[in-house]
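Read the structure below first, then the notes.
Counting starts at 1 for both ligands and their atoms, in listed order. FYI, side chains are in, hydrogens and waters are out, and symmetry mates aren't considered; it's all heavy atoms of this structure.
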Amino acid sequence: IGEEIPYPYEVIQESAEYLLSGTRHRPKIGVICGSGLGGLADQLDERDVFPYESIPNFPVSTVVGHAGRMVIGLLSGVPVMCMQGRFHAYEGYPLWKCAMPVRVMKLMGVEQIIVTNAAGGLNPGFKVGDIMIIKDHINMQGFAGDSPLRGRNDERFGPRFPAMNNAYDKNLRDMAKKIVADMNLSDVVQEGVYVMLGGPTYETVAELKLLRVVGVDAVGMSTVPEVVVARHCGMKVFAFSLITNQCIMQYDTDATANHEEVIEVADKRKKDLQELACRLIVKMAVV
Ligand code: HPA
């Protein structure tokens with residue numbers, strides 16, 4: 001009990017070496033599959049599958065019935081590694097532990113990462129089922145004094161004070177916009193600002209009003225720790241949210257945000273999301 005200390009470089013290296021010794025693939029692209037994108041990992045050819053509990057030093061998953069595994073294989077011939085299931089702060093992990101797999105990817109040679117999540121739509125122009133390309137984030141935990149980078153900095157990963165403007169690569173966002181146009185999905189694709197709250201509660205009306213005032217378009221409970229750690233170690237980041245519900249901003253309604261709705265919407269859009277990710281990965285591999 002007490003505050004956990006982030007893993008030193010050598011511990012991350014042990015996890016990376018274990019995975020490298022268990023696969024002949026050498027991925028330079030990583031994917032963190034949020035709700036709706038888990039199926040992408042099942043599409044990989046010649047895949048090697050590592051349940052999280054088999055990987056040295058990996059966090060132990062607490063969510064029952066949730067796939068928790070690293071899948072490494074080929075997508076349209078491109079080597080990728082996919083996290084099928086992620087670690088959330090509300091499960092009890094410190095932020096550095098939520099993001100620890102990103103450092104493992106880094107030490108395995110990953111240079112670009114795609115991060116996805118399910119989120120509530122706060123922008124009144126967003127509809128359920130929309131895909132929001134993340135342009136920027138608000139790191140609420142950072143405001144409150146917590147960060148996955150809190151503690152001693154190891155320069156082998158990155159600098160003490162990493163910049164966070166340009167966190168979401170402009171080039172990758174432009175590529176994704178071209179792809180969704182080709183897929184005739186432009187009218188369901190948005191771009192905006194994501195905020196991570198700790199959860200597991202959904203938001204009160206007053207909280208949502210606050211977030212809207214400060215420019216938030218979508219609200220979720222993940223992604224920011226992974227992106228902060230990925231940028232710290234110099235990875236290029238692309239991220240998107242699937243808008244699974246509209247945030248409820250009125251007091252006099254019986255409607256509530258609920259996990260069932262999130263899962264249902266994710267299921268309906270999963271083909272489109274997988275196709276977008278797949279086409280983007282093919283383009284990312286040639287730049
Ligand atoms: N709020 C926070 N996280 C979420 C939501 C939401 O409305 N929908 C899906 N994840």
Side-chain angles (χ1 to χ4, degrees), residues 32-40 61-68 83-93 95 98-99 114-144 146 188-228 239-270 272-273 276-277:
I32 301 178
C33 301
S35 308
L37 210 77
L40 188 76
S61 194
T62 66
V63 187
V64 194
H66 216 268
M83 282 183 74
Q84 209 174 22
R86 60 144 59 84
F87 304 102
H88 299 92
Y90 61 74
E91 294 174 65
Y93 304 112
L95 299 179
C98 296
I114 298 177
V115 189
T116 74
N117 61 57
L122 191 52
N123 184 318
F126 288 7
K127 302 172 300 298
V128 169
D130 280 357
I131 299 163
M132 185 186 85
I133 296 171
I134 302 181
K135 182 181 188 173
D136 203 352
H137 70 224
I138 294 179
N139 178 1
M140 276 291 181
Q141 283 74 20
F143 280 35
D146 197 5
V188 300
V189 173
Q190 315 279 358
E191 190 170 43
V193 174
Y194 176 86
V195 72
M196 174 189 168
L197 302 181
T201 56
Y202 291 110
E203 303 72 36
T204 67
V205 172
E207 285 164 349
L208 291 169
K209 287 183 176 178
L210 167 77
L211 293 170
R212 189 63 197 143
V213 167
V214 297
V216 170
D217 296 298
V219 188
M221 304 175 193
S222 68
T223 300
V224 170
E226 293 112 316
V227 170
V228 165
F240 65 81
S241 296
L242 174 63
I243 304 301
T244 53
N245 57 286
Q246 265 173 327
C247 292
I248 295 162
M249 305 280 281
Q250 307 84 32
Y251 280 104
D252 303 313
T253 172
D254 290 332
T256 56
N258 65 85
H259 189 60
E260 290 65 39
E261 184 184 17
V262 170
I263 299 300
E264 192 185 305
V265 173
D267 210 55
K268 282 191 187 139
R269 261 284 177 248
K270 69 182 179 197
D272 291 331
L273 298 179
L276 165 60

Main-chain N/O of Lys127 paired to Asp130 side chain as donor or acceptor, under 3.5 Å: yes
**Request:** State whether the side chain of Thr116 and the backbone N or O of Gly34 hold a donor-acceptor pair below 3.5 Å, judged by distance alone.
**Result:** yes
> Counting N and O atoms only, with roles assigned by atom type, does the side chain of Tyr194 sit under 3.5 Å from a partner on the main chain of Val224, one being a donor and the other an acceptor?
Replying inline: no
Which atom pairs, one a donor and one an acceptor, fall under 3.5 Å between side chains of residues 241-250 and the rest of the protein, sequence neighbours left out?
| from | atom 1 | to | atom 2 | distance (Å) |
| --- | --- | --- | --- | --- |
| Ser241 | OG | Asn117 | OD1 | 2.7 |
| Thr244 | OG1 | Ala119 | O | 3.4 |
| Gln246 | NE2 | Phe126 | O | 2.9 |

Those residues with a heavy-atom separation under 4.0 Å from ligand 1 are Ala118, Ala119, Gly120, Tyr202, Glu203, Val219, Gly220, Met221, Thr244, Asn245, Val262
* Can you find a pair of side-chain heavy atoms, one from Met196 and one from Gln141, that are under 4.5 Å apart? -> yes
Any non-hydrogen side-chain atom of Phe240 less than 4.5 Å from a side-chain atom of Gln190? no
